[in-house]
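The chain is numbered in sequence order, starting from 1. What's counted below: heavy atoms across the whole structure, side chains too, no hydrogens, waters or symmetry copies.
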Amino acid sequence: MASSSSASGSGSVVTERRGIPGAQFVEDVHTYLTDSGLDVGSALAFLQERLQQYKLVEMKLLAQQRDLQAKIPDIEKCLDIVATLQAKKGTGEELIADFEVSEGIYSRARIEETDCVCLWLGANVMLEYSLDEATSLLQKNLDNARASLEVLIADLQFLRDQVTITQVTIARVYNWDVHQRRIQQAATATATAQN
């Protein structure tokens with residue numbers, strides 16, 4: 001899932017996770033600028049662009065995370081309903097349920113003993129399943145959703161680390177540039193004072 005390659009300039013390791021490029025921590029700014037062939041302005045522009053790319057990817061991942069976090073309780077609710085239907089099976093007892101027909105509109109239904117349920121699969125597709133098949137399918141979907149959420153959380157943590165590294169690198173390059181300018185100004189002031 002993650003691959004490694006060595007970074008130029010600082011000897012650190014840059015990794016990649018699921019297409020998200022790793023940020024390079026710059027220990028020696030001068031070496032970094034020399035090896036990359038960039039001046040300070042270009043390096044800062046490149047790093048700012050990379051930071052914006054990270055922020056865009058983070059927004060997409062957060063949207064996916066919200067979708068999954070909303071989907072998991074729905075799947076759990078469906079599993080509970082199927083389990084309730086299985087528990088009522090063979091008792092001869094009717095199940096009375098209120099269900100949402102449309103947003104804010106509910107209807108009451110008497111559900112007689114049944115061996116099957118209909119599940120929405122998406123894209124306006126509904127299929128009828130036996131109670132055992134429905135339980136199996138819903139459990140598989142729940143496991144997949146939880147696994148996807150775990151991967152997303154790990155991706156977000158990796159991304160946040162890359163954002164932090166990039167922000168620190170931007171600060172280091174900027175501060176190095178300020179320091180170099182002060183040294184130049186001091187050298188210029190000393191040279192003019194001696195003349």
Side-chain angles (χ1 to χ4, degrees), residues 1-76 120-125 138-195:
M1 190 179 291
S3 62
S4 298
S5 63
S6 106
S8 64
S10 64
S12 64
V13 175
V14 177
T15 59
E16 178 179 317
R17 180 179 171 87
R18 293 179 15 111
I20 302 169
Q24 175 183 356
F25 179 75
V26 176
E27 292 179 34
D28 182 8
V29 175
H30 181 69
T31 305
Y32 168 73
L33 293 174
T34 304
D35 289 351
S36 63
L38 299 172
D39 63 352
V40 173
S42 300
L44 287 172
F46 169 76
L47 291 168
Q48 287 289 352
E49 182 181 337
R50 177 61 58 94
L51 186 60
Q52 291 306 315
Q53 290 170 349
Y54 286 145
K55 294 291 186 177
L56 182 64
V57 171
E58 182 179 28
M59 286 178 15
K60 289 179 182 178
L61 290 178
L62 286 171
Q64 290 175 2
Q65 182 184 23
R66 280 191 303 273
D67 291 346
L68 279 173
Q69 286 173 332
K71 186 178 183 181
I72 289 173
D74 288 344
I75 296 172
E76 289 171 339
W120 284 106
L121 300 180
N124 293 326
V125 175
L138 289 169
Q139 189 62 51
K140 183 180 123 197
N141 289 350
L142 181 62
D143 293 342
N144 289 342
R146 285 181 176 156
S148 295
L149 185 60
E150 285 179 25
V151 169
L152 264 175
I153 289 170
D155 287 348
L156 278 167
Q157 183 58 48
F158 175 78
L159 190 60
R160 288 183 183 120
D161 290 345
Q162 303 321 298
V163 167
T164 302
I165 291 169
T166 303
Q167 289 172 334
V168 168
T169 301
I170 289 170
R172 288 177 65 90
V173 170
Y174 180 80
N175 291 340
W176 179 84
D177 184 44
V178 169
H179 182 69
Q180 294 302 312
R181 288 180 192 202
R182 286 186 183 155
I183 290 172
Q184 274 184 332
Q185 286 175 349
T188 305
T190 304
T192 50
Q194 289 177 356
N195 291 336

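The list of side chain to side chain donor-acceptor pair (under 3.5 Å) pairs with a residue in residues 157-166, not counting sequence neighbours, reads Gln157-Asp161.
For Ala70 against Pro73, the heavy-atom pair with the smallest separation is O-CD, 3.4 Å.
For the atom pair Ile75 CD1 and Leu68 CG, the distance stands at 8.5 Å (nearest 0.5 Å). Considering CD of Gln65 and CG of Asp155, their distance stands at 10.5 Å, rounded to 0.5 Å. Atoms CG and OG, on Asp67 and Ser148 in that order, are 12.0 Å from each other to the nearest 0.5 Å. A distance of 9.0 Å separates CG of Asp28 from CG of Asp35, quoted to the nearest 0.5 Å. Between the CG atom in Leu159 and the CG atom in Leu152 there is a gap of 11.0 Å [rounded to 0.5 Å]. Once rounded to the nearest 0.5 Å, the distance linking CG of Leu156 with CG of Leu149 reads 9.5 Å.
Residues that satisfy the side chain to side chain donor-acceptor pair (under 3.5 Å) test with Asp143, not counting sequence neighbours, are Gln139. In this structure, Glu150 has no salt bridge (Lys or Arg N to Asp or Glu O under 4.0 Å) partners at least two apart in sequence or on a different chain. Listed by chain and residue number, Leu33, Leu44, Val173, Trp176, Asp177 satisfy the side chain to side chain contact (heavy atoms under 4.5 Å, CB included) test with Val40 (two or more places apart in sequence, or in another chain). For Leu121, the side chain to side chain contact (heavy atoms under 4.5 Å, CB included) criterion is met by Val125, Leu127, Tyr129, Leu137, not counting sequence neighbours. Partners of Gln64 under the side chain to side chain donor-acceptor pair (under 3.5 Å) rule, at least two apart in sequence or in another chain, do not exist in this structure. Thr34 pairs by the side chain to side chain contact (heavy atoms under 4.5 Å, CB included) definition with His30, not counting sequence neighbours. Remark: Arg182 pairs with Val178 by the side chain to side chain contact (heavy atoms under 4.5 Å, CB included) rule, at least two apart or across chains. With sequence neighbours left out, the side chain to side chain donor-acceptor pair (under 3.5 Å) criterion links Asn175 to no other residue.
Between the side chain of Ser42 and the backbone N or O of Leu38, no donor-acceptor pair lies under 3.5 Å.
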Let me have the donor-acceptor pairs involving side chains of residues 46-55, under 3.5 Å, with sequence neighbours excluded, atom names and distances please.
unit_1	atom_1	unit_2	atom_2	d
Arg50	NE	Gln53	OE1	3.4
Tyr54	OH	Pro21	O	2.7
Tyr54	OH	Ala23	N	3.4

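For the pair Arg172/Phe25, a side-chain contact is recorded, criterion being any heavy-atom separation below 4.5 Å from C-beta on.
Residue Phe158 places its CZ atom among more than 12 non-hydrogen atoms of other residues, nucleotides or ligands, all under 6.0 Å distant.
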Exercise for the section: Please assess Ile20 against Leu61 for the test side chain to side chain contact (heavy atoms under 4.5 Å, CB included), listing each intermediate value before the final yes or no. Expected result: CA-CA 11 Å; Ile20 302 169; Leu61 290 178; 4.2 Å; yes
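Taking 4.0 Å as the cut-off between side-chain N and carboxylate O, Arg146 and Glu76 count as a salt-bridged pair.
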